[in-house]
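The block underneath contains the structure these notes are about, expressed in C-alpha cells.
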Amino acid sequence: MGNNTSKSHEKSAEKELSKRICAGILAHVDAGKTTLAEALLYQAGALRKLGRVDEKNSFLDTFALERRRGITIFSKEARIEEGDTQIILLDTPGHVDFAAEMERVLQVIDFGILVINGTDGVQAHTRTLWRLLELYQVPVFIFVNKMDLPGVDREQLQRQLNGELQEGCIDFQKEEDKLWEEAATCDEEALEEYLETGRLETETIRRLIGSRKLIPCYFGSALKLWQTEAFLKGIFTYGQTKDWSQTKKEKKEKVGEKKGTGGSRQKETEIPQKEGFGAKIFKITRDDRGSRVTHVRITGGRIGLRESIPYRDEEGTLYTEKIHQIRIYSGDRYTCQEEAMAGEICGITGLSHTRAGEGLGWEEGKGRPLLEPVLKYRVEAEETTDVHEVLQAFQKLEEEDPMLKVEWCRKTQEMYVRLMGEVQVEILQAWIQEKYGLRVRFSKGSILYKETIADTVVGRGHFEPLKHYAEVHLKLEPLPRGSGVEIKRDCDTNVLEEHWQKLVVAALKEEGIKGVLTGAEVTDIRITLIAGRAHIRHTEGGDFREAARRALRQGLLKARSVLLEPYYSVWIQAPSENAGKLLTDLDRRGARLFPLEQAGETVLIRGEAPVSALEQYAREVAAFTGGRGSCSLTVEGYGTCQEPQQVIEMAGYSPEEDKEWPAGSIFCCQGSGISVSWKEAEERMHVHTDEGRQKPEEDTGTGVRTGRSVSGNREITQEEMEEILLRTYGRVGGKERRKQTVSAGNHATSREPVQEYLLVDGYNVIFAWKELKELAQEDISAARWRLLDVLSDYQGYRGIPVIAVFDAYKVEGNPTKVEKYHNVFVVYTKEAETADQYIEKTVHRMGRKHHVTVVTSDWVEQVIIQGQGGTLLSSREFLEEILRIKKEGLAYQKSRPEGKTYLFDGVEESLAGQVEEVRLGKKERID
C-alpha cells in the first residue's frame, strides 16, 4: 500500500563502494525501532537533526498517516556509510497487522536488527519475528532498548534472550577477553582458535554471526543516544553481505531435481536470462504521479537504464519490458542512476506485471508466506462512492499487498478482502480515502477457516461429453500443519504425455481448493498426479481442467476431512491479583496454557487459543486489570477446530450441490453425455490404479472404453453441458455484442465506435476447410502459410486487426511468441497453453473495450467465446464471407507480393461445394 514522494530527480554518479550491506530493522510495536534507526542515521552523519516519532518528524515515517498514528506502516530505506562500506537500513512495520510486508523484507536483507523493549522483554510477536528470522536464515544483531527506564534488569533480560530465543545471545559490551571466551563456546573451530591463541579473529566472529551460532546483543537507549554509537560500530565491524551466489547455485540444483515433479517453476519453463543478473522483489508502490515502482534487491550482476528485463507474471505469461528509471531511495527522496550493481536496493519503473515476493533473472519467488490474514471483511462503498471505482482501487492496492486477496462476487456485487486485524482495517480505510478519495466501510470480520484431510485416498475424475475426453487420477495425502498445498507428478509419460500432465498441474494451481465441509480453502495436503488418459482426437486442454477438478473433489469427498481454525499466540502481563481469574477465563475459552511465570507482583501468562474465542480480548484484559495489564496476540497458525459441528452447521454448505466444484464424472453413453455420481463413477473409469499406480488394461483400439449404463445416473441436457463448459472457461458477459445506443431526449445517439478485432483459431480452421485439411495431411506448415495468405487478403479488405492463433503447447519450453506475417499478427501459444485458452484470455481482456470476433468451429470454444462476451463466427460462416469477398473481386490488394499463388486460386468451386454441402445438412459441421 506504500507510496513514495519524489523530491530529487537529478542523476548522481554511484559512489565507489567495496561493500554494500542491507540490514532490516524489526521489532514489536513501540519497542523503539524507528527511534533507533533515527539515532543510527544521526550518529553516522546522514542526518543533521534528530527527529522523533512522538513529535511526528522522524526521517523514516514519511507518510502523514504514519505520523498521525505514530507507527510504521510501510517499509522504507535509508543509507549510512563508513569508509568504503554502505549499510542500507530497511525500517519495517512493527505492528502485527502489517507483518506481511515485514516478512517480504526478510527475503532481501543480509542481516536483521531485532529491537526489544527492555521493559517488556521477549513478547509473543518477538518470538514470531525470531521464527521468521530462523525460517529465512537471517543473521541477527539484537538491540535491547529503553534500558534507561526504571525497573529493567539487564541480567534477567540476558537470561531471557538465551532461554526464549536461542543459546549464543552474548553481550557484546563486555570486555574483549570475556567476549572472546563466551563466543568461543558457540563453535568447535572457534574454541580451538581461542585455546591456541587466547583470542578470536574478527573474521571468525563474522563467520559465527553469519551462521547464526552467535547473536551479538547490545543494551542501551535509542532516544537518549546511549550505547547507539557502540552498536553502530558493531554492525559496521561484524555485518557482512550474504553469499547470494550460493543461493543461485542451490536454485540451479533444485531446478534439476524438480524435473517431472510439477514444482513451482521447472527447468522447461525458464525464461531467457540476462547474464548473471538476479533480483528479489520485496515491494510494489505507486508514486504521486501514478508511476508503478518495483522495489528490488539486486542479488547478482547489474542492470542499466533502458535495458530490457524478461520475466513471467503469476500466470506464467512472458513479458520483456524496458527499465525507464532506476531510483535510489532514502526516506521520501530519491535520485536516479544510470545503473545499479549487485547488493543495491533500488526502485525500478517500467515493469508493469511484477509481484511482491517474486524474483527476476535467476532468482525465483519464495512461495507461501508464513504470516497470512485470518479474517475476511466485506467492503462497502458509501452512497456517494462508485463500488467499481473502489474495486479498481483495491486491485491496485493488492499489487502492493498481495495478502489482501481481493474477491469480487458478481452474483451479489460484493467485494471482500483479507486482513490481519482491526488496526489494518482502520489504516486501510483512511489510506483508501487519502490516496484515492474514496469513502468505504468494512463489515465485521469473519474467521477464515481452512480444511485438510486425515487419511490418504485416490480421487478419480472423468470428463467425456461428445467430442471431448479426459481422465485424471490424483493421490491425496495429509501433510503436517503449516505445509500448505504441494502438487506433484508421479505419472509415466508413456501413460500420459508430458504436456497433458502439465495442464493438470496448472488446473490444480489456478485457484484455491475448496473443501467439502464448509467450502473453506484446503491446506496441508499433497496432491500427486498418478494416472490419466487423453484421446488422440477429442481431447482439449479444458477437458483436463474439468477432469482434474472432479478427481480432486471426488477424493476430498472420500477422505476424512478435518476443519481447521486459526490460533493466536497469547502473551498477557498482569498484576498477580488478577492471575486466577484470567487463567480461568482463558481455560473457558479453550486456550492451551504454559506454566505461569512470576516476576514480583506481576505474572506472565502465555499460551495458545482460537482466534474466534479472543475477539477484542486485549481490550477486555485492559478493562479487567484497570489498565495495569497488557495483552499481545499474534497469529500462530492453524489447528484443529474446537467446535467443528457448530461451524459446519452455520456455514450450511452442501458439497454435492456446488456447481463450481462438481464431484461427479461425465461419461459418453450411446452418443450422449451422462452424469455419474462420485460414488458410482469409479467402476466406470477407463484407467485402473492400484496403490497409486496405473495397472495395465486391454485397449479397445480407440483409447476409450465403451460406456455402460449405471442405475441412478442420467443423461445431461444441452443446457447443463453449456453451463459446465461456461464454468470451465469462465463467463463475463452476454452472448452477443450489440450496437450500444444512448437515449438523448427523443433521439438515439450512437456511442463512440469501438475498435474491431478478428481472432482466428488457426488449426481449427485448417481442419475445418477441406482443401486446407488435405494439404495439412501432406505438409502442415504449407497449410498454415496458405491460411495466413487468406487472412492477409481478408485484412486488406476489412482493414481491421487480424490475429491468428496456433497451438504450440506441446513444444517443450516454448514461450508465447508473436510474429508479423505481412499485415497479420501470428501467435504461437506457450507450452501447456492451448489456442482456446489463449483466445479465452484475450477475449476476456480485450472484450471490455473492443469488439472481438472469434473464428472457430469447435463447439466448446463457441461456448467459451459466447460466455466471455465475444462475437462468434463459425469456420463455415467465415468461409462464406471469404467467398463473397472473392466474388466481389476485392480479395487481392496492391500490397501483396507478385507471383504468389493463393489458396482460393483454382479451388473456389470445391470450397463453395463444401459450404453448400453443409447448408443442405449432409454434415453437422466441418471438423
Side-chain angles (χ1 to χ4, degrees), residues 368-378 403 405 407 409 416 418-421 443-459 474-487 508 511-527 549 551-570 586-592 607-615 617 633-663 678-679:
R368 194 171 69 96
L370 181 67
L371 301 178
E372 292 185 288
V374 295
L375 298 171
K376 184 176 181 178
Y377 293 80
R378 186 176 71 252
M403 292 294 98
K405 294 188 177 179
E407 300 174 28
C409 179
Y416 296 88
R418 298 186 180 188
L419 302 174
M420 297 290 286
S443 67
K444 182 181 177 181
S446 58
I447 302 294
L448 280 168
Y449 293 92
K450 292 189 178 183
E451 298 180 27
T452 189
I453 60 173
D455 51 359
T456 299
V457 297
V458 174
L474 302 172
K475 184 178 181 181
L476 311 184
E477 303 170 89
L479 291 178
R481 295 291 173 265
S483 301
V485 177
E486 182 180 322
I487 300 174
L508 296 173
E511 58 182 298
I513 300 168
K514 189 182 287 189
V516 297
L517 297 176
T518 64
E521 179 184 347
V522 173
T523 188
D524 302 340
I525 185 173
R526 178 186 292 122
I527 306 170
R549 288 163 65 91
L552 177 57
R553 193 66 163 177
Q554 198 246 15
L556 290 174
L557 283 166
K558 289 169 58 179
R560 183 161 57 90
S561 291
V562 178
L563 189 66
L564 305 176
E565 65 179 327
Y567 275 70
Y568 278 139
S569 175
V570 183
L586 286 168
D587 182 67
R588 179 179 61 82
R589 294 171 185 257
R592 296 190 291 265
E608 297 174 353
V611 170
S612 58
L614 297 185
E615 186 178 3
Y617 201 66
L633 303 173
T634 304
V635 176
E636 185 69 19
Y638 277 78
T640 304
C641 182
Q642 295 195 352
E643 301 288 343
Q645 199 56 42
Q646 181 180 345
V647 176
I648 292 170
E649 289 175 2
M650 288 182 62
Y653 178 71
S654 176
E656 296 189 51
E657 294 177 7
D658 190 339
K659 294 183 179 180
E660 295 293 325
W661 284 89
W678 67 272
K679 296 178 182 178

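Please read these numbers as outputs of a predicted model, since none were measured by experiment.
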Practice task
Give the C-alpha distance, both sets of side-chain angles, the deciding distance and a yes or no for salt bridge (charged side-chain N to carboxylate O under 4.0 Å, His left out) between Glu521 and Arg418.
Solution key: CA-CA 13 Å; Glu521 179 184 347; Arg418 298 186 180 188; 3.5 Å; yes

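- Proximity of a side-chain donor or acceptor of Lys558 to a complementary backbone N or O of Val458 within less than 3.5 Å is detected.
- Within the 4.5 Å cutoff, the side chain of Trp661 has no heavy atoms near those of the Val516 side chain.
- Note that NZ of Lys450 is 15.0 Å distant from CG of Leu517, once rounded to the nearest 0.5 Å.
- At distances below 3.5 Å, at least one donor-acceptor pair connects side-chain atoms of Arg553 with backbone N or O atoms of Lys514.
- The backbone N or O of Glu660 sits less than 3.5 Å from a side-chain atom of Arg549, completing a donor-acceptor pair.
- Checked against salt bridge (charged side-chain N to carboxylate O under 4.0 Å, His left out), Arg592 has the following partners two or more places apart in sequence or in another chain: Glu608.
- Residues Val562 and Thr452 form a side-chain contact, since some pair of their non-hydrogen atoms from C-beta on lies under 4.5 Å apart.
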Exercise for the section: Please report the C-alpha distance between Tyr449 and Leu564 in whole Å, then the side-chain angles of each, then the deciding distance to 0.1 Å, and finally whether the side chain to side chain contact (heavy atoms under 4.5 Å, CB included) criterion is met. Expected result: CA-CA 6 Å; Tyr449 293 92; Leu564 305 176; over 6 Å; no

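- In this structure, Tyr567 contributes its side chain and Thr640 its backbone to a donor-acceptor pair below 3.5 Å.
- The backbone N or O of Ala559 lies less than 3.5 Å from no partner atom in the side chain of Asp455, so there is not a single donor-acceptor pair.
- Here the CZ atom belonging to Arg526 is positioned 14.0 Å from the CG atom belonging to Leu474, to the nearest 0.5 angstrom.
- When every heavy atom of Leu448 is checked against every heavy atom of Pro566, the shortest pair comes out as O-CD, 3.8 Å.
- A heavy-atom distance below 4.5 Å is not found between the side chains of Lys679 and Leu557.
- By the 4.5 Å heavy-atom criterion applied to side chains, Leu508 and Ile513 are not counted as neighbours.
- The two residues Tyr617 and Leu633 come nearest to each other via the heavy atoms CB-CD1, 4.4 Å.
- Summarising the geometry, atom NZ belonging to Lys376 is positioned 12.5 Å from atom CD1 belonging to Ile447; distances are rounded to the nearest 0.5 Å.
- Shown here for Asp524 and Arg481, the closest heavy-atom pair between the two residues is OD2-CA, 3.3 Å.
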Problem - Stepwise side chain to side chain contact (heavy atoms under 4.5 Å, CB included) test for Val522 and Leu552 - result: CA-CA 11 Å; Val522 173; Leu552 177 57; over 6 Å; no

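- Note: Lys444 NZ to Arg378 CZ = 12.5 Å, rounded to the nearest 0.5 Å.
- Within the 3.5 Å criterion, the main-chain N or O of Gly519 finds a donor-acceptor partner in the side chain of Glu451.
- Checking side-chain atoms of Thr518 against main-chain N and O of Ile648 turns up no donor-acceptor pair under 3.5 Å.
- Distance check, rounded to the nearest 0.5 Å: CZ of Arg589 to CD of Glu615 gives 10.0 Å.
- Between Val647 and Cys641, the shortest heavy-atom contact is CG2-SG, 4.0 Å.
- Note that CE of Met650 and CD of Gln646 are 6.5 Å apart. Values are rounded to the nearest 0.5 Å.
- A 4.5 Å side-chain heavy-atom check between Leu476 and Thr456 finds every atom pair outside the cut-off.
- When all heavy atoms of Pro478 and Ile453 are compared, the closest pair comes out as CB-O, 3.1 Å.
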